[in-house]
K.L.:
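Dumping the structure here so I can ask a few things about it.
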Amino acid sequence: CVWSFTTAAFLVVDAFESYSDGSPYRVFQSWLDGTGYTEPTPVQGNGTCATVGSLEPPFTEQRVVHGGGQSMPLAYDNSVSPYYSEAQRQWSTPQNWTVLEGNTLVLFCRGASDNGADRLYVLVKDSQGRTATLAHTNPAAATSIEWLPWNIPFANLTAAGVNVAQIKALHIRVGEPGAVKPGGDGK
């Protein structure tokens, strides 16, 4: 008997399953938000209206998940200045997303029906500081009660000059920087 099987080739950009409630493994210690954190070393927030993680343990979401045991909650309150919210993940060593012949960044996102509408964006930055900012194709994604796959072809990143073999940061944004009027809020 000969066994043969094929596994899906993919690279995990962020293993949300690895976060815990103990410092320094809390989700908000890897994903910078508007508030920052105090342990083990104080870090100032990014100045937006985002809050990554729950305010009390468990800090990750453990009921509303997609294919695992936990997900990253991202609360946004764009009803106050600067009228947008952003979570930022930065790596000390640039990430090569082309290994395993990858060609698409896939994020799964889910909102709630009572969320205030605001557009979702992803910003990808390489080690040279080149960025690509892409809007979710569904303008109402933040209000979806179903998990939505968000497929971002690497071709869209390279068209903006981003080197996908040298990724330094990933930002998830709700709302538009530079907005002059209040937006929605939700999680």
K.L.:
What pair of heavy atoms forms the shortest contact from Glu61 to Pro73, and how long is it?
P.N.:
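Residues Glu61 and Pro73, closest heavy atoms: N-CD, 3.6 Å.
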K.L.:
Using modelled atom types and a 3.5 Å cut-off, is there a donor and acceptor pairing between side-chain atoms of Arg26 and backbone atoms of Asp21?
P.N.:
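Here the side-chain-to-backbone pair exists.
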K.L.:
So which heavy atom on Ser30 is nearest to which on Arg89, and how close?
P.N.:
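Minimum heavy-atom contact is O-CD, 3.2 Å.
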K.L.:
Should Val52 and Val65 be regarded as members of a common hydrophobic cluster, given that ILVMFWY residues are connected when their side-chain heavy atoms come within less than 4.5 Å of each other, either directly or indirectly?
P.N.:
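No, because Val52 and Val65 fall into different hydrophobic clusters, even though each may have its own neighbours under 4.5 Å.
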K.L.:
Tell me if a side-chain donor or acceptor on Gln44 pairs with a main-chain N or O of Gly36 at a distance below 3.5 Å.
P.N.:
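A pair under 3.5 Å: no.
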K.L.:
Do other residues, nucleotides or ligands put more than 12 heavy atoms under 6.0 Å from the NZ atom of Lys125?
P.N.:
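Not more than 12 within 6.0 Å, no.
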K.L.:
When hydrophobic residues are tied together by side-chain contacts of less than 4.5 Å, even through go-betweens, does Ile152 share a cluster with Trp31?
P.N.:
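Yes, because Ile152 and Trp31 connect within a single hydrophobic cluster, where side-chain heavy atoms sit under 4.5 Å apart.
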K.L.:
Hey, does the side chain of Gln166 reach the backbone of Val164 with a donor-acceptor pair shorter than 3.5 angstrom?
P.N.:
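No, because the side chain of Gln166 does not come within donor-acceptor range (under 3.5 Å) of the backbone of Val164.
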K.L.:
Given the rule in the side chain to side chain contact (heavy atoms under 4.5 Å, CB included) test, do Gln95 and Val13 qualify, once you have shown the distances and angles that lead to the verdict?
P.N.:
CA-CA 8 Å; Gln95 306 293 296; Val13 172; over 6 Å; no
K.L.:
Would you please test Leu105 and Leu170 for side chain to side chain contact (heavy atoms under 4.5 Å, CB included) and show each step?
P.N.:
CA-CA 11 Å; Leu105 172 64; Leu170 175 66; 4.2 Å; yes
K.L.:
Report yes if some heavy atom in the side chain of Leu157 is under 4.5 Å from a heavy atom in the side chain of Leu134; otherwise report no.
P.N.:
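Yes, their side chains come closer than 4.5 Å.
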K.L.:
Taking the side chain as everything from C-beta on, heavy atoms only, tell me whether Val43 gets closer than 4.5 Å to Phe28.
P.N.:
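A side-chain contact under 4.5 Å is absent here.
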K.L.:
Should Glu176 and Tyr84 count as side-chain neighbours, where that means a heavy-atom distance under 4.5 Å?
P.N.:
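The answer is no, as the side chains (C-beta and beyond) never meet within the 4.5 Å cut-off.
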K.L.:
Which heavy atom of Pro40 sits nearest a heavy atom of Gln29, and at what distance?
P.N.:
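Scanning both residues completely, I find the closest heavy atoms to be CD-NE2, 3.3 Å.
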K.L.:
Any chance you could lay out the side chain to side chain contact (heavy atoms under 4.5 Å, CB included) test for Val124 and Phe154, step after step, and finish with the verdict?
P.N.:
CA-CA 10 Å; Val124 179; Phe154 288 173; over 6 Å; no
K.L.:
Verify whether one side chain among Gln70 and Thr60 offers a donor that lies under 3.5 Å from an acceptor in the other.
P.N.:
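Judged by distance alone, the side chains do pair up.
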K.L.:
How long is the span from the CG atom in Leu32 to the NE2 atom in His171, to the nearest 0.5 Å?
P.N.:
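Atom-to-atom, Leu32:CG and His171:NE2 are 9.0 Å apart.
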K.L.:
Return yes if some donor-acceptor pair links the side-chain N/O of Asp118 with the main-chain N/O of Gly184 below 3.5 Å, else return no.
P.N.:
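Between the backbone of Gly184 and the side chain of Asp118 there is a qualifying donor-acceptor contact (under 3.5 Å).
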K.L.:
Check whether Asn163 reaches the backbone of Asp126 with its side chain - one donor and one acceptor, N or O, closer than 3.5 Å.
P.N.:
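No, because the side chain of Asn163 does not come within donor-acceptor range (under 3.5 Å) of the backbone of Asp126.
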K.L.:
Should Glu39 and Tyr37 count as side-chain neighbours, where that means a heavy-atom distance under 4.5 Å?
P.N.:
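No, side chains not in contact.
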K.L.:
Is the OH atom of Tyr25 crowded by more than 12 outside heavy atoms at less than 6.0 Å?
P.N.:
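Counting other residues, nucleotides and ligands, OH of Tyr25 stays at 12 neighbours or fewer.
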K.L.:
Would you indicate whether the side-chain heavy atoms of Ser54 and Lys187 approach each other to under 4.5 Å?
P.N.:
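A side-chain contact exists here, since the closest heavy-atom pair is under 4.5 Å.
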K.L.:
Has the side chain of Thr48 got a donor or acceptor atom that lies under 3.5 Å from a matching backbone atom of Glu86?
P.N.:
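Such a contact is found between Thr48 side chain and Glu86 backbone.
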K.L.:
Does the ring center of Tyr19 lie less than 6.0 Å from the ring center of Phe59?
P.N.:
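Not under 6.0 Å, so no.
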K.L.:
Is Tyr121 reachable from Tyr76 through a run of hydrophobic residues whose side-chain heavy atoms are each under 4.5 Å from the next?
P.N.:
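No, Tyr76 does not connect to Tyr121 through the hydrophobic network.
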K.L.:
Between Cys49 and Asp77, which heavy-atom pair has the shortest distance, and what is it?
P.N.:
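Taking every non-hydrogen atom into account, CB-O, 3.1 Å.
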K.L.:
Any chance you could lay out the side chain to side chain contact (heavy atoms under 4.5 Å, CB included) test for Arg110 and Val64, step after step, and finish with the verdict?
P.N.:
CA-CA 9 Å; Arg110 181 182 189 270; Val64 180; 3.2 Å; yes
K.L.:
Roughly how far apart are Leu120 CG and Thr137 OG1, rounded to 0.5 Å?
P.N.:
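That separation rounds to 10.0 Å.
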K.L.:
Ignoring hydrogens and angles, tell me if any N or O in the side chain of Thr104 forms a donor-acceptor pair with the backbone of Val106 under 3.5 Å.
P.N.:
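Not confirmed, Thr104 side chain does not pair with Val106 backbone.
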K.L.:
Quick one: are Pro182 and Tyr83 in side-chain contact, heavy atoms under 4.5 Å?
P.N.:
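The answer is yes; the side chains approach within 4.5 Å.
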K.L.:
Any side-chain heavy atom of Leu123 sitting closer than 4.5 Å to one from Arg173?
P.N.:
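Yes; the side chains approach each other to less than 4.5 Å.
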K.L.:
If only side-chain N and O atoms count, and only distance matters, is there a donor-acceptor pair under 3.5 Å linking Asn78 with Ser85?
P.N.:
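Yes, a side-chain donor-acceptor pair sits under 3.5 Å.
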K.L.:
Following the transitive rule for hydrophobic clusters with a side-chain heavy-atom cut-off under 4.5 Å over Ile, Leu, Val, Met, Phe, Trp and Tyr, establish whether Val27 and Trp91 coincide in one cluster.
P.N.:
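Yes, Val27 and Trp91 fall within the same hydrophobic cluster.
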K.L.:
When you measure from the side chain of Asp185 to the backbone N and O of Ser79, does any donor-acceptor pair fall under 3.5 Å?
P.N.:
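Not at all, since once roles are kept as given, no pair shorter than 3.5 Å links the two residues.
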K.L.:
If only side-chain N and O atoms count, and only distance matters, is there a donor-acceptor pair under 3.5 Å linking Gln88 with Gln90?
P.N.:
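Result is no, nothing qualifies.
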K.L.:
Grab the two heavy atoms, one from Asn115 and one from Gly186, that are nearest each other, plus how far apart they are.
P.N.:
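What the structure gives for the nearest pair is OD1-CA, 3.2 Å.
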K.L.:
Is there a chain of hydrophobic side chains (I, L, V, M, F, W, Y, each step under 4.5 Å between heavy atoms) that links Leu107 to Trp97?
P.N.:
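Same hydrophobic cluster.
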K.L.:
Would you say Ser71 and His66 make side-chain contact, with heavy atoms under 4.5 Å?
P.N.:
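Ser71 vs His66: side chains apart.
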K.L.:
Could you pull out the closest heavy-atom pair between Met72 and Ala87, with the gap in Å?
P.N.:
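Answer, listing the atom of Met72 first, then Ala87: CE-CB, 4.4 Å.
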